[in-house]
2 protein chains.
Amino acid sequence: MQFTKAEEYGMQGVLHLADKGKDVVTPLSEISEARDIPEKFLAKIFQSLSRSGILRSHRGVRGGFTLAKPPGEITVKDVLEAIQGPYHLTKCIPDPDSCPRSDSCAMRELLVTAEERLLEVFVKHTLEDVVHMERSMSAPSPEKPNP
Amino acid sequence: MQFTKAEEYGMQGVLHLADKGKDVVTPLSEISEARDIPEKFLAKIFQSLSRSGILRSHRGVRGGFTLAKPPGEITVKDVLEAIQGPYHLTKCIPDPDSCPRSDSCAMRELLVTAEERLLEVFVKHTLEDVVHMERSMSAPSPEKPNP
DNA sequence: TCTATATGCAATTCACCAAGGCCGAAGAAT
DNA sequence: ATTCTTCGGCCTTGGTGAATTGCATATAGA
């Protein structure tokens with residue numbers, strides 16, 4: 001019940017693209033080095049993201065990847081689901097028939113609620129938001145701005 | 001990123017005890033059969049719960065398990081954490097040093113928030129609540145009460 | 001043509017989940 | 001004291017999926 005490396009790496013990679021702007025073509029090698037991600041692994045993750053329409057790939061010399069849409073139109077949930085598929089705390093949430101007791105299972109009700117609360121956070125934030133947060137966090141301390 | 005069987009079984013088992021009342025001693029065999037859980041597996045889970053002070057075990061003839069506290073004083077989170085340990089979406093949340101970038105990682109901020117929203121649901125509900133929900137769900141339909 | 005880059009498939013390694021078996025320890029009933 | 005029942009601890013097994021890595025192919029630019 002944890003985030004996988006694929007999700008971590010995928011988000012980092014996409015954020016790198018979002019930070020550089022929508023139309024800047026960036027090769028895996030750069031992202032891989034900048035964010036410290038195994039290149040072949042990132043390649044596989046980015047394939048899913050291309051197929052999901054979140055990224056666009058460009059082959060050949062000076063090729064690489066770009067965002068397929070502006071960062072403000074891609075939510076964190078979009079990225080995570082493209083990598084891992086729909087998130088569910090239990091199998092019985094998307095598929096109630098998998099459990100004979102699901103008709104009268106109070107835990108299931110609770111889990112549905114919990115899952116909703118979790119996903120709300122990921123739906124409410126776009127890549128643009130996260131990049132802004134990232135920039136403000138690594139900005140120089142506001143105490144002593146350089147003259 | 002899903003609930004484990006141990007969590008599912010553990011919750012079901014504890015709910016069975018909560019449903020019967022705080023001081024009713026119930027053997028594994030009964031719970032195992034009633035809720036369709038492998039007995040040895042449930043035994044292992046209940047050991048953790050005993051050590052965590054959520055259950056009390058009673059050996060010997062007519063032995064079994066009871067809740068250590070009233071159902072209204074045990075939260076769902078208590079049970080889940082006793083089984084699996086503290087829940088975290090990523091390793092970097094409890095242990096920022098595990099990631100060199102965690103100082104300026106916006107995703108981490110987002111994940112902390114998401115995790116809080118999720119856990120709030122589990123903290124707010126006690127076993128008593130869940131048992132009540134369970135009972136009302138399996139109650140006869142209010143449309144045609146039997147005369 | 002040569003090189004840089006993505007694409008697709010296969011294989012590997014490793015950890016952990018899920019379950020089951022065996023025997024010992026503790027306690028109640030007799 | 002004996003016996004029976006039930007939990008306790010340890011070890012083993014099979015299976016699954018995560019996290020890589022490797023290799024051959026396709027595509028585009030210089």
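Every chain is numbered from 1 and lettered A, B, ... according to where its sequence line falls, protein lines coming before strand lines. Note that these values count all heavy atoms, side chains included, but never hydrogens, waters or copies made by symmetry.
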- Message: Using the rule given for side chain to side chain contact (heavy atoms under 4.5 Å, CB included), can you reason through A:E128 versus A:H132, listing the C-alpha separation, both sets of side-chain angles and the distance that settles it, and then say yes or no?
- Response: CA-CA 6 Å; A:E128 196 175 26; A:H132 283 155; 3.8 Å; yes
- Message: Under the criterion side chain to side chain contact (heavy atoms under 4.5 Å, CB included), I'd like the reasoning laid out for B:L55 against B:Q47: C-alpha separation, chi angles, the key distance, then a yes or no.
- Response: CA-CA 9 Å; B:L55 300 183; B:Q47 279 176 41; over 6 Å; no
- Query: Are A:D129 and A:K124 close enough, and set up right, to give a side chain to side chain contact (heavy atoms under 4.5 Å, CB included), and what steps lead you there?
  - Reply: CA-CA 9 Å; A:D129 299 338; A:K124 277 183 188 157; over 6 Å; no
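Residues forming a side chain to side chain contact (heavy atoms under 4.5 Å, CB included) with B:T90 (at least two apart in sequence, or on another chain): A:F3, B:C92, B:I93, B:L111. With sequence neighbours excluded, the residues that form a salt bridge (Lys or Arg N to Asp or Glu O under 4.0 Å) with A:E120 are A:R117. Every residue two or more places apart in sequence or in another chain that forms a side chain to side chain contact (heavy atoms under 4.5 Å, CB included) with A:P86 is listed here: A:E81, A:H88. B:H58 meets the side chain to side chain contact (heavy atoms under 4.5 Å, CB included) test with B:V25, B:R56, B:T66; sequence neighbours excluded. A:R59 meets the salt bridge (Lys or Arg N to Asp or Glu O under 4.0 Å) test with no other residue; sequence neighbours excluded.
The stretch residues 11-31 of chain A comes close to DNA chain C through A:P27, A:L28, each having a heavy atom under 4.0 Å from the strand. A heavy atom lying under 4.0 Å from DNA chain C marks the following residues of residues 35-46 of chain B, by number: B:P38, B:K40, B:F41, B:K44. Contacts between residues 47-57 of chain A and DNA chain C, defined by a heavy-atom separation under 4.0 Å, are made by A:Q47, A:R51, A:S57.
The line from CD of B:E8 to CD1 of B:I45 is 10.0 Å long, rounded to the nearest 0.5 Å. For the atom pair CG (A:D78) and OG1 (A:T75), the distance works out to 3.0 Å, reported to the nearest 0.5 Å.
Listed by first and then second residue, the side chain to side chain donor-acceptor pair (under 3.5 Å) pairs that reach into residues 15-37 of chain A are A:Q12-A:R35, A:H16-A:E30, A:H16-A:R35, A:D19-A:R135, A:K20-A:E30, sequence neighbours excluded. Note on residues 29-54 of chain B: pairs passing ring-ring contact (aromatic ring centres under 6.0 Å, His included), not counting sequence neighbours, are B:Y9-B:F41, B:F46-B:F65.
On the nucleic acid side, DNA chain C has its first and last nucleotide under 4.0 Å of a heavy atom of chain A at C:dT3 to C:dG8, going 5' to 3'.
B:M107 places a side-chain heavy atom less than 4.5 Å from the side chain of A:V76.
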Can you tabulate the close N/O pairs, meaning under 3.5 Å, that link protein atoms to atoms of nucleotides 28-30 of chain D?
none

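B:E7 places a side-chain N or O within donor-acceptor distance of the main-chain N or O of B:T4, the cut-off being under 3.5 Å.
Minimum interatomic distance between A:V130 and B:A106 (heavy atoms only, all atoms of both residues): O-CB, 3.5 Å.
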